[in-house]
Number of protein chains: 2
Amino acid sequence: MQTHFTIDCVIFSFDEGQLKILLAERNEYPYKDWWALPGYFVNKYEEMEDAVARILLEMTGLKDIYMDQLAAFAGVKRHPEGRILTVAYMALVQMEEVKNKIAPTSSYMRQLKWFSIDELPDLAFDHREIIQLSLERLKKSVTYSTAPYELLPTKFTLTQLQQVYEAILNKKLDKRNFRKKINNLGYLKELNEFQKGVSYRAAKLYSFDKKKFLKQFSQD
Amino acid sequence: MQTHFTIDCVIFSFDEGQLKILLAERNEYPYKDWWALPGYFVNKYEEMEDAVARILLEMTGLKDIYMDQLAAFAGVKRHPEGRILTVAYMALVQMEEVKNKIAPTSSYMRQLKWFSIDELPDLAFDHREIIQLSLERLKKSVTYSTAPYELLPTKFTLTQLQQVYEAILNKKLDKRNFRKKINNLGYLKELNEFQKGVSYRAAKLYSFDKKKFLKQFSQD
DNA sequence: ATATAATGTGTATTTCTTACACTATTAAAT
DNA sequence: ATTTAATAGTGTAAGAAATACACATTATAT
């Protein structure tokens, strides 16, 4: 009637035109030496969301990360020593902000590494299934959540935004149609700034107006 | 590092043109005499889904009920005696099938009663929040899940179907536009049967072709 | 000056969404 | 037999959104 209680995080970022997930190499049985989602036990007097924030801070060095609960996984056979219930969360970070952090190690985790979502290794426990669910959730929410903008820097080009959409939806989009749609969203701000450091025509930068976004979706 | 583990069910049905939820009157502290979602502890060696099925059978007398996990609720302060993690599920039943069951009672539950969703009593714990979430989930999924058909008898009229949509979406729909859309779904079967026992023109009956439905949604 | 690599733009077609009102059918009441 | 009451069932036009599709523009590097 009691169960162990952990949280696991599917931490996404966007880099080199691809969605990536941060995985940890386990240094503990079961599944020693396997790759797994970062996660850990929730403390007795700790709120679940605080535990997620704690893990995210430990893994990425960042606070106030976008997070969204996916589901609870509680299979009796998930762990050989009896039920360990895990609540899976999805988190989104900007690669720029985490790239230069020193990956922490610990007794139970040998290293952290970003994997492209189409080059994932074999995974411990039911973590493959959790990732599958997170990808579906991300796909469904792409047009009515802030997800794409959580994955991009605050100033981004429309091409970058399109690439994020394409990575999440896992299909190519038409450039002109995409821009037409984007223009009608009403919560993107065209800046008077341009991309720098590229050896070709610099693209205009845009920013995301979260207030306007929230206003739109609160009316429905 | 361990927690109590329960499941709670938001059991919906459709009756008298309204969505209804089955609630239990508690006979135990805390929240003695309050109304609450039906739920109970998950046994040590019992799969979570089996526990849900067990509760649903107990409350409705039915097996093989549609169920869908909503989310985990794990607030430290949910229960005065310490964390009780609950995984909330949404279930959908046909009122006809449960109407004549004898509502069970037990030491911890005084009675069961169906409440219309806009006449809910005060609720124990965070159950109001759980119901809120279930309503939003139901709304989002109405067009791409089998939800409307789980709430209706196997043979139903288009007016009944429209009423279910209206109850879920909480708004009136135009009859002609609704029927036009429904006609294009491709997974409804027009039967050569008519409503009986009404004192006005009898409406044609339709049935839901789950196979066709699944085929359509597996291609996306 | 030229080559390169990506940016940025318009139109025609089709599909979907919305708004809107009357006739048809059945049972019950007279 | 006729009338009444209640719901079933039906089409069209206008507007909005989605789709398919190709080329001139601009900044940098050589």
Side-chain angles (χ1 to χ4, degrees), chain A residues 14-18 139-140 142-144 148 152-153 155-207 216-217 219-220, chain B residues 14-18 139-140 142-144 148 152-153 155-207 216-217 219-220:
Chain A
F14 180 73
D15 192 37
E16 298 165 334
Q18 295 187 305
K139 221 181 254 195
K140 273 188 190 166
V142 69
T143 53
Y144 56 88
L152 287 170
K155 298 175 182 183
F156 51 86
T157 70
L158 294 184
T159 299
Q160 288 175 318
L161 183 58
Q162 183 174 342
Q163 285 169 346
V164 169
Y165 267 75
E166 288 177 339
I168 291 175
L169 296 172
N170 194 28
K171 68 173 180 193
K172 285 279 166 200
L173 300 174
D174 178 85
K175 182 158 62 159
R176 279 179 290 187
N177 293 339
F178 179 76
R179 284 168 184 236
K180 203 187 307 174
K181 198 185 221 165
I182 288 296
N183 264 328
N184 293 327
L185 290 181
Y187 49 75
L188 288 190
K189 200 158 115 202
E190 187 176 347
L191 305 173
N192 281 322
E193 293 177 60
F194 292 82
Q195 223 177 359
K196 277 180 185 154
V198 289
S199 70
Y200 45 80
R201 179 175 177 182
K204 194 160 242 186
L205 293 172
Y206 288 74
S207 69
Q216 273 189 36
F217 283 84
Q219 289 165 349
D220 303 344
Chain B
F14 180 74
D15 192 34
E16 299 164 331
Q18 295 187 306
K139 219 181 254 194
K140 273 188 188 163
V142 69
T143 53
Y144 56 90
L152 288 169
K155 298 175 181 183
F156 51 85
T157 69
L158 294 184
T159 300
Q160 288 175 320
L161 183 58
Q162 183 175 341
Q163 284 169 347
V164 169
Y165 268 75
E166 289 177 341
I168 292 176
L169 296 173
N170 193 28
K171 67 173 180 192
K172 285 280 165 201
L173 300 174
D174 178 85
K175 182 159 64 158
R176 279 179 290 191
N177 292 338
F178 179 76
R179 284 169 184 233
K180 204 187 307 171
K181 198 185 223 167
I182 289 296
N183 264 327
N184 292 328
L185 290 181
Y187 48 75
L188 289 191
K189 200 159 115 202
E190 188 177 348
L191 303 174
N192 281 323
E193 292 178 63
F194 293 83
Q195 224 177 358
K196 276 177 189 158
V198 290
S199 71
Y200 43 79
R201 179 172 176 182
K204 196 160 241 187
L205 293 172
Y206 289 75
S207 69
Q216 274 188 35
F217 283 83
Q219 288 164 353
D220 303 343

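The structure displayed is predicted, hence computed values, not measured ones. Each chain gets a letter, A, B and so on, in the order the sequences are listed, and its residues count up from 1.
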Please give, in whole Å, the distance from [N] [atom2] to [X] [atom1]?
X	N	atom1	atom2	result
B:Q162	D:dT10	CD	P	14 Å
B:Q160	D:dA8	CD	C1'	13 Å
B:F178	D:dG9	CZ	P	13 Å
B:K204	D:dG9	NZ	P	8 Å
B:L161	D:dA8	CG	P	13 Å
B:F194	D:dG9	CZ	C1'	11 Å
A:N184	D:dA16	CG	C1'	10 Å
A:R179	C:dA6	CZ	P	13 Å

* Taking N and O atoms by type only, does the side chain of B:D174 place a donor or acceptor under 3.5 Å from a partner on the base of C:dC20? -> yes
* Taking atom types as they are modelled, is there a donor-acceptor pair under 3.5 Å from the base of D:dT19 to the side chain of A:K180? -> yes
Nearest to side-chain heavy atoms of [X], which nucleotide of [options]:
X	options	result
A:T159	D:dA8, D:dC21, C:dT7	C:dT7
B:R176	C:dC20, D:dA8, C:dT7	C:dC20
A:Y200	D:dC21, D:dT28, C:dA5	C:dA5

* What is the minimum heavy-atom distance between B:T159 and B:R179, and which atoms define it? ->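 That closest heavy-atom pairing would be OG1-NH2, 3.4 Å.
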* To do: Locate the shortest heavy-atom distance separating A:Y206 from A:L158; write the atom from each residue and the value.
  => CE1-CG, 3.5 Å
* Exam field: side chain A:Q216 to backbone A:L185, donor-acceptor pair closer than 3.5 Å -> yes
* Do the side chain of B:Q195 and the main chain of B:A203 share a donor and acceptor less than 3.5 angstrom apart? ->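 Such a contact is found between B:Q195 side chain and B:A203 backbone.
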Tell me, do [X] and [Y] make a side-chain contact under 4.5 Å, heavy atoms counted?
X	Y	result
B:L173	B:Y165	yes
A:F14	A:I168	no
B:K139	B:L169	yes

Polar-atom pairs under 3.5 Å, protein N or O versus N or O of nucleotides 22-24 of chain C: list them with distances, or write none.
{"unit_1": "C:dA24", "atom_1": "N3", "unit_2": "B:R201", "atom_2": "NH1", "d": "3.1"}

